[in-house]
Amino acid sequence: MAISDIAPVSFIGGKLVILDQTKLPGKEERIELKCKEDVWEAINSLRVRGAPAIGITAAYGLYVSMRHELKSVKASGNDFKDKQVFGDILKSCRDYIATARPTVSNLRGALDRVVDAFKNAHPKDVREAAEILLAEADKIRVEDEAACEAIGVNGLKLLKPGMGILTHCNAGALATSGYGTALAPIYMGNERGYMFRVYVDETRPLLQGARLTTWELAKVGIDVTLICDNMASIAMSNGMINAVLVGCTSIAANGDIAAKVGTSALAILAKEYGIPFYVFAPTSTIDFKTLTGEDIEIERRASEEITDMWYLERVIPEGVKCYNPSFDITKAEYITAIITEKGIVRAPYKDGLRENIKGEVTEAEPRVKNTPFSPRREDESSGVGLPDGGEVIEFKDSAAFPGFDDKW
Ligand code: MRU
C-alpha cells in the first residue's frame, strides 16, 4: 500500500470526500461533505483531524459550502450576481466553519487564505469566483504535501538508524496530504533501511495513537509497539527511547506549542531522562499573532469521550465530574528543536521562527527506488462546479460595488 492511497481528504470530480477516521481501524469508510454543516461536523467530531488535514478540508469545504449556499439563494429566487452578496455569504461560511476546532491555527489560516484570495481578485462572474476559491484550496493541499516531504528530509538529519522513537497522537499521513509531519522522517528513514523501533502512546481519550498511528505505520511494515500513555516513563528509563517526535496544532511566537493533550508530560519526562524532544510542523502552523502558549485557547470536549466511548458499558460511576481538554501547552524550554519544511529551529525560538519562515524550502532528496509511496494521482486535481451546473452569471461591473473592501 502506498501512503498516498490513505488520502484522508480528496477532491475528485467536484466532490469533497474524507476518510472517516472515527471508524478506523475497523472500517475504511469515505464520506462526502456537501455543505458547511457537513464540514463543521466532520472537523468537530474528528472524522477528519490533524492540523494540516483540517486546514485542507476547511479550504475545499468553503468551496462546497459556497456551491450549496448559492444554490439555496438561487432556489429562493434571490439574486447572487452581486459580488458583495457572494462575499458576505463566503464570510459567513468562513466564520461558521472556523468554530469547529478553536485551537487549530491551520483551520483559521486556511479559511482566511481562501477568503483573501477572493477578496484580492477581480472575478467577472460566479464561475471565476468559484475557480479562485478552488485554486487556493488546491494550492494549500499541494503546499502541504511538499511541506511534509521537506519536513521529513529535515527531520531525518536528526535521527540515526536503529533508534527507538516515541510518538504521541497521530501526526502522519492521516493528518496531512502527504507523509505527515512527525511521522515523515520515520517513513523516509524506513525507505532508506533505518530500521527504527517506533513506540506509540495510545493517546487517550480518542486513541489516535492506538487506532490511527499503529494502523498507518504497520501498513508499510514499520516496527511499531503500542504503549499506554502512562508507560512513557518506564520506557524512557529502560533506554528504549532515543528521541521523542510529536506534531503540534499551534505554535506561538515564542516557541510554546499547543499539541495533543499529554504532549507536555512527555516533554518534561524527556528533559528529565536527557532525551531529545522534537516538534514537527509546517510553517502554516506558526501563529505570530499568538505571543505565548498562555494565549492559546484550549478546546474542551465532551465527558462521554472519557466515560463511555471506549467501554462496552459505562465503568465510571454516574455523576463523576470529568475534565477533558483536547490539547495542552508545552513550553518552549522543553523543546529541543522545531522542524519545519524550511529547516530546523532551535532556541531562542522567538527569533528563530521568524528567520525560519523567511527561509527557502529545503530541496527534498530524490526518493529511493521501490519506495512504498507513489506520487499523488493527477486525477485528484479539481474541476470547477457551478451552483446550477454550468450557467455563467456575470457580475455587475466592479465599480458597482463601492465599499466592498471596507466590509471585509
Ligand atoms: O485532535 P487531533 O487528532 O486533531 O490532534 C492532532 C494532533 O495533535 C497533531 O499532533 C497535530 O494536529 C498535528 S498533525 C500533523
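The analysis underlying the following values was restricted to heavy atoms, covering all of them including side chains, and did not include hydrogens, waters or symmetry mates. These numbers were taken from a predicted model, which means no experiment stands behind them.
Between the side chains of D295 and T290, no donor-acceptor pair of N or O atoms lies under 3.5 Å. Looking at R141 and Y60, their side chains do bring a donor and an acceptor atom within 3.5 Å of each other. Residues Q21 and R49 have side chains that bring a donor and an acceptor to within less than 3.5 angstrom of each other. Judged purely by distance below 3.5 Å, without hydrogens or angles, the side chains of S233 and Y273 pair a donor atom with an acceptor atom. R94 and Y96 form no side-chain donor-acceptor contact under 3.5 Å, judged by distance and modelled atom types alone.
We find that R47 and D20 are joined by a salt bridge, their nearest charged nitrogen and carboxylate oxygen being less than 4.0 Å apart.
Remark: A259 engages C248, I257, T263 in a side-chain contact (heavy atoms from CB on, under 4.5 Å) (not counting sequence neighbours). Contacts of F196 classified as ring pair (Phe, Tyr, Trp, His ring centres under 6.0 Å), with partners at least two apart in sequence or in another chain: Y194.
The one candidate from E216, K260, Q208 that meets the side-chain hydrogen bond (donor to acceptor under 3.5 Å, both in side chains) condition with N170 is E216.
Between M66 and K36 the shortest side-chain heavy-atom distance does not fall below 4.5 Å.
With rounding to the nearest 0.5 angstrom, the CD1 atom of I357 is 5.0 Å from the OG1 atom of T283.
In this structure, the side chain of T167 engages the main chain of L245 through a donor-acceptor pair within 3.5 Å.
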